[in-house]
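Sharing a structure with you now.
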Amino acid sequence: MLSLLGVKTTGELVAPRIPVFIDAEDPLSQTGLEAALKSRPEITLIDFQAVDVHTVAVKAADTFSDRTSEALRSIGNRGCSKIIFITDLQANDKLAEFMEVGVCAVVRRTEATAPRLAQVITRTAMGKATFPPCRNERVLQQATSPQRGPTISAGDAGGPSAREARILSLIAEGLDTREIAQRLSYSERTIKYVLHSFISRHQLKNRPQAVAYALREGWI
């Protein structure tokens with residue numbers, strides 16, 4: 001038997017369940033998502049009134065309308081900053097808009113199986129993003145080149161260096177600081193410094209805003 005703190009009565013420690021709020025824009029999707037997740041041992045479903053900073057929210061919608069945006073903002077207003085968006089939209093085309101309203105993971109409807117959703121929910125609860133790979137081949141080619149300095153032209157003044165673009169691309173793909181440092185063979189301190197420099201230079205607030213800005217400008 002588990003206590004409310006996620007501790008067995010025998011004294012054995014277990015991981016607490018992740019509080020998950022589901023909001024779909026049609027009844028069929030709502031019922032399907034609830035059925036898929038309610039039996040997962042790592043998840044407990046909650047209603048809107050219980051949403052807080054610890055919650056992972058799952059939003060399902062076919063479009064990204066004003067209604068959708070408002071619903072996402074209302075979730076964010078309750079302190080929830082971990083939102084998964086399930087949609088058939090071409091995510092790359094809307095990624096910046098998604099992130100601006102708190103979305104930190106995007107899952108296609110065709111991939112929204114119970115195991116996949118549970119995996120993404122767990123990653124999101126840990127503060128990891130899950131986005132489609134970057135499609136801007138020009139920037140990716142620059143970012144993966146051996147050159148470490150800026151690779152932008154005079155007309156692109158203010159854009160990211162190759163290293164900044166590569167790091168931002170990896171954040172958009174869902175990697176955290178440690179994973180990025182391992183991938184690029186840098187120290188975690190270097191990754192943090194590069195991100196801080198980019199964020200400060202463009203007067204941004206945090207990593208999601210930095211990625212959203214870079215996407216909107218076509219840099220990644």
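All residue numbers in this chain count up from 1 along the given sequence. Reckoned from all heavy atoms, side chains included, excluding hydrogens, waters and symmetry mates. This is a predicted model, so every value here is computed, not measured.
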- Message: Can you give me the closest heavy-atom contact between Pro160 and Glu164, atom names plus distance?
- Response: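 Closest pair (atom of Pro160, atom of Glu164, distance): CA-OE1, 3.2 Å.
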- So, Glu179 side chain and Asp176 main chain: donor-acceptor pair closer than 3.5 Å or not?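 Pair found, side chain donor or acceptor close to backbone of Asp176.
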- Query: Hey, quick one: are Leu215 and Leu175 part of the same hydrophobic cluster, counting side-chain heavy atoms closer than 4.5 Å, chains of contacts allowed?
  - Reply: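 Yes, Leu215 connects to Leu175 through the hydrophobic network.
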- Gap separating the CD1 atom of Ile22 from the CG atom of Asp47, nearest 0.5 angstrom: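 Taking CD1 in Ile22 and CG in Asp47, the distance rounds to 12.0 Å.
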- Would Ser29 and Asp26 count as having a side-chain donor-acceptor pair, cut-off 3.5 Å?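 Ser29 vs Asp26: donor-acceptor pair found between side chains.
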- Item | Value rounded to 0.5 Å, distance of CZ in Arg183 from CD1 in Ile167 |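 Here the interatomic distance stands at 12.5 Å.
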- Report yes or no: do Thr122 and Glu42 form a side-chain donor-acceptor pair below 3.5 Å?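 No, no side-chain donor-acceptor contact under 3.5 Å.
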- Message: Could you tell me if the side chain of Ile220 sits less than 4.5 Å from the side chain of Val211, heavy atoms only?
- Response: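 Yes - at least one pair of side-chain heavy atoms lies under 4.5 Å apart.
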- How many angstroms lie between atom CD1 of Ile46 and atom OG1 of Thr55, to the nearest 0.5 angstrom?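 Answer rounded to 0.5 Å: 3.5 Å.
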- With sequence neighbours left out, write down each residue that passes side chain to side chain donor-acceptor pair (under 3.5 Å) with Glu34, or none if nothing qualifies.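 Result, side chain to side chain donor-acceptor pair (under 3.5 Å) vs Glu34: Gln30.
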- Query: With a cutoff of under 4.5 Å between side-chain heavy atoms, which Ile, Leu, Val, Met, Phe, Trp and Tyr residues group with Val53?
  - Reply: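 For Val53, no cluster forms, as it stays isolated from other hydrophobic side chains.
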- Query: Do Asp52 and Arg78 pass the side-chain contact (heavy atoms from CB on, under 4.5 Å) test, and can you show the C-alpha distance, the side-chain angles, and the key distance before you say yes or no?
  - Reply: CA-CA 5 Å; Asp52 61 17; Arg78 297 193 66 84; over 6 Å; no
- Task: List in chain and number order the residues that pass side chain to side chain donor-acceptor pair (under 3.5 Å) with Ser197, two or more places apart in sequence or in another chain; answer none if no residue qualifies.
- Result: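 Checked Ser197 against side chain to side chain donor-acceptor pair (under 3.5 Å); zero matches.
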- Message: Could you report the tightest heavy-atom contact between Ala112 and Leu117, atom names first, then the distance?
- Response: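 For Ala112 versus Leu117, the nearest heavy atoms are O-CD1, 3.8 Å.
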- Query: Should we count CD of Glu111 as having more than 12 external heavy atoms under 6.0 Å?
  - Reply: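 Yes, CD of Glu111 has more than 12 neighbouring heavy atoms, counting only those of other groups under 6.0 Å.
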- Query: Any donor-acceptor pair under 3.5 Å linking the side chain of Thr124 with the backbone of Ile83?
  - Reply: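 Side chain of Thr124 to backbone of Ile83: no pair is present.
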- Item | Result of checking Val51, Leu33, Val58 against Val20 for side chain to side chain contact (heavy atoms under 4.5 Å, CB included) |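 Single pass found, and it is Val58.
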- Message: Whether the side chain of Ser169 engages the backbone of Ala165 through a donor-acceptor N/O pair (distance < 3.5 Å, no angle test) should be reported.
- Response: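 Side chain of Ser169 to backbone of Ala165: a pair is present.
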- Task: Tell me, yes or no, whether the heavy-atom count around Arg67 atom CZ, taken from other residues, nucleotides or ligands under 6.0 Å, exceeds 12.
- Result: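 No - once you tally the heavy atoms of other residues, nucleotides and ligands closer than 6.0 Å, there are 12 at most.
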- Query: With under 30° as parallel and over 60° as perpendicular, where do the rings of His202 and Tyr213 fit, or are they tilted in between?
  - Reply: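 Because their plane-to-plane angle lies in the 30° to 60° range, the rings of His202 and Tyr213 count as tilted.
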- Message: Are the side chains of Ile171 and Leu195 in contact, using a 4.5 Å heavy-atom criterion?
- Response: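 Yes, side chains in contact.
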- Can you tell me how far CG of Leu37 sits from CZ of Arg40, rounded to the nearest 0.5 angstrom?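 Between Arg40 CZ and Leu37 CG, I get 8.0 Å after rounding to 0.5 Å.
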- Item | Neighbour count above 12 (heavy atom, 6.0 Å) for Tyr193 OH |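 Count not over threshold, so no.
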- Which pair of non-hydrogen atoms, one from Leu168 and one from Ala214, has the smallest distance, and what is that distance?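 For Leu168 and Ala214, the tightest heavy-atom pair comes out as CD1-CB, 4.0 Å.
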- Task: Mark yes or no for whether Arg123, through its side chain, and Ala105, through its backbone, hold a donor-acceptor pair below 3.5 Å.
- Result: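 No, because the side chain of Arg123 does not come within donor-acceptor range (under 3.5 Å) of the backbone of Ala105.
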- Query: Among side-chain atoms of Thr177 and Arg189, is any donor-acceptor pair under 3.5 angstrom?
  - Reply: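 No, no side-chain donor-acceptor contact under 3.5 Å.
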- Item | Heavy-atom donor-acceptor pair, Lys82 side chain to Ala125 backbone, under 3.5 Å |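 Yes, Lys82 side chain to Ala125 backbone: donor-acceptor pair under 3.5 Å.
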- Can you tell me if Arg178 uses its side chain to pair, donor with acceptor, with the backbone of Glu188 under 3.5 Å?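 Checking the backbone N and O of Glu188 against the side chain of Arg178, no donor-acceptor pair under 3.5 Å is found.
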- So, does Gln119 use its side chain to make a donor-acceptor pair with the main chain of Pro115 at under 3.5 Å?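 Absent.
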- Query: Would Ile86 and Val106 count as a side-chain contact (heavy atoms from CB on, under 4.5 Å) if you check the C-alpha gap in whole Å, the side-chain angles of each, and the deciding distance to 0.1 Å?
  - Reply: CA-CA 6 Å; Ile86 301 175; Val106 176; over 6 Å; no
- Steps toward side-chain contact (heavy atoms from CB on, under 4.5 Å) verdict (Leu45, Lys38): CA-CA 6 Å; Leu45 299 182; Lys38 69 179 181 180; 3.8 Å; yes
- Nearest non-hydrogen partners of Val103 and Phe85, listed with the distance: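 In terms of heavy atoms, the two residues are closest at CG1-CB, 3.8 Å.
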- Could you grab the distance from atom CZ of Arg109 to atom OG1 of Thr87, nearest 0.5 Å is fine?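 The distance works out to 6.5 Å.
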- Message: Please determine whether the number of non-hydrogen atoms from other residues, nucleotides or ligands lying under 6.0 Å from atom CG of Asp66 exceeds 12.
- Response: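 Incorrect, the count does not exceed 12.
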- Query: Could you give the distance from CZ (Phe21) to NZ (Lys59), rounded to the nearest 0.5 Å?
  - Reply: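 That separation rounds to 8.0 Å.
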- Side-chain heavy atoms under 4.5 angstrom apart, residues restricted to Ile, Leu, Val, Met, Phe, Trp, Tyr: same cluster for Ile84 and Phe64?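 Ile84 does not cluster with Phe64.
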- Does NZ or CZ of Arg163 lie under 6.0 Å from the centre of the six-membered ring of Phe198, at an angle within 45° of the ring axis?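 Ring-cation test returns no.
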- Main-chain N/O of Ser65 paired to Ser69 side chain as donor or acceptor, under 3.5 Å: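 Checking the backbone N and O of Ser65 against the side chain of Ser69, no donor-acceptor pair under 3.5 Å is found.
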